[in-house]
Amino acid sequence: MERLTLDEQLSAAAMARHWVCDHCPDEHLPVARRWIAELLTSELVQNALDHGRGPVVLSLTHDEEGILVGITDGDDRVPTLRAQSPQATDGRGIALVDALATAWGVYRSDEVGGQAEDESATWWPQPRDEGSPAKTVWFHLATR
């Protein structure tokens, strides 16, 4: 597993997009699917910066099945999938994740035990002080 800590700066989402693609071999994420990984990473990092508390930590693991990306921030409020109206000017990030990821979910720092809400998702430790509130929003993107 690889990690990147992002500071609150205007270029954080762009930095995260490029980092995910740079750290994922072609056999685990073909070039044709990289744009999806870039988009979803950017959306979730921006959500964490806009609605969470820093630092924001980006985690990545990959295997022959695909990639698993997690974005951890210091706020335990969970994002939700909302109904979208054509007039809405924001609130589409989780809808994009839901539509394009193979699977996605959220777990909070108070959820202990090795599995996220979706039992198929690999859990990884959150890089925060024990006892401080945190959540990780994750997505899986299959190789094919």
Side-chain angles (χ1 to χ4, degrees), residues 1-26 28-63 65-118 120-143:
M1 176 182 320
E2 300 182 58
R3 286 196 175 104
L4 174 67
T5 300
L6 298 162
D7 295 321
E8 294 183 36
Q9 56 190 13
L10 291 176
S11 62
M15 185 183 317
R17 282 193 306 268
H18 298 302
W19 183 86
V20 164
C21 287
D22 290 345
H23 286 83
C24 195
D26 288 344
H28 298 299
L29 189 65
V31 174
R33 295 188 56 83
R34 287 183 186 265
W35 72 270
I36 298 172
E38 289 182 278
L39 175 64
L40 300 184
T41 299
S42 181
E43 288 293 334
L44 292 179
V45 165
Q46 196 60 54
N47 280 355
L49 292 169
D50 290 347
H51 305 292
R53 289 193 335 262
V56 172
V57 178
L58 177 62
S59 303
L60 169 70
T61 187
H62 49 79
D63 62 19
E65 299 293 317
I67 66 168
L68 184 64
V69 176
I71 294 85
T72 302
D73 70 72
D75 190 328
D76 62 356
R77 291 178 295 160
V78 174
T80 58
L81 182 60
R82 300 186 300 198
Q84 298 296 311
S85 73
Q87 297 81 20
T89 59
D90 63 357
R92 289 187 170 86
I94 296 298
L96 286 170
V97 174
D98 188 63
L100 298 174
T102 308
W104 73 278
V106 181
Y107 68 88
R108 295 184 219 181
S109 58
D110 60 358
E111 295 174 344
V112 187
Q115 290 290 58
E117 291 174 18
D118 176 346
S120 67
T122 304
W123 180 87
W124 58 84
Q126 294 179 338
R128 301 192 74 76
D129 295 332
E130 194 169 317
S132 66
K135 71 171 172 305
T136 298
V137 181
W138 60 268
F139 71 87
H140 178 261
L141 189 57
T143 301

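For this chain, numbers begin at 1 and follow the sequence in order. Just so it is clear, the values below take in all heavy atoms, side chains as well, and ignore hydrogens, waters and symmetry mates.
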All side-chain contact (heavy atoms from CB on, under 4.5 Å) counterparts of Thr143, not counting sequence neighbours: Pro30
Main-chain N/O of Val20 paired to Arg34 side chain as donor or acceptor, under 3.5 Å: no
Nearest heavy atoms of Pro25 and His23, plus distance in Å: CD-O, 3.8 Å
Trp19/Leu60 under side-chain contact (heavy atoms from CB on, under 4.5 Å): CA gap, chis, key distance, verdict: CA-CA 10 Å; Trp19 183 86; Leu60 169 70; 3.8 Å; yes
Under the side chain to side chain donor-acceptor pair (under 3.5 Å) test, residues paired with Arg82 that sit two or more places apart: none
Value rounded to 0.5 Å, distance of CE in Met1 from CG in Leu68: 8.0 Å
Interatomic distance, Thr102 atom OG1 to Leu141 atom CG [nearest 0.5 angstrom]: 5.0 Å
Over all atoms of both residues, closest heavy-atom pair of Ala95 and Leu81: CA-CD1, 3.5 Å
For the student: nearest non-hydrogen atoms of Val78 and Lys135, plus distance: CA-CD, 4.3 Å
Return a table of donor-acceptor pairs under 3.5 angstrom between the side chains of residues 37-46 and protein atoms on other chains or two or more places apart.
from	atom 1	to	atom 2	distance (Å)
Thr41	OG1	Ala37	O	2.8
Ser42	OG	Arg17	NH1	3.1
Gln46	NE2	Asp50	OD1	3.0

Backbone of Glu65 reached by a side-chain donor or acceptor of Asp63 within 3.5 Å: yes
Interatomic spacing from OG1 in Thr72 to CZ in Arg108 - rounded to 0.5 Å: 14.0 Å
Residue pair Met15 / Leu6, side-chain heavy-atom distance below 4.5 Å: yes
Least distance between heavy atoms, Leu49 atom then Ala12 atom: CD1-CB, 3.5 Å
Thr5 to Pro55 - nearest heavy-atom pair and separation: CG2-CB, 3.8 Å
4.5 Å side-chain heavy-atom contact, Asn47 and Ile94: yes
Any side-chain heavy-atom pair of His62 and Leu29 under 4.5 Å: no
Val97 versus Phe139, closest heavy-atom pair with distance: CG1-CB, 4.2 Å
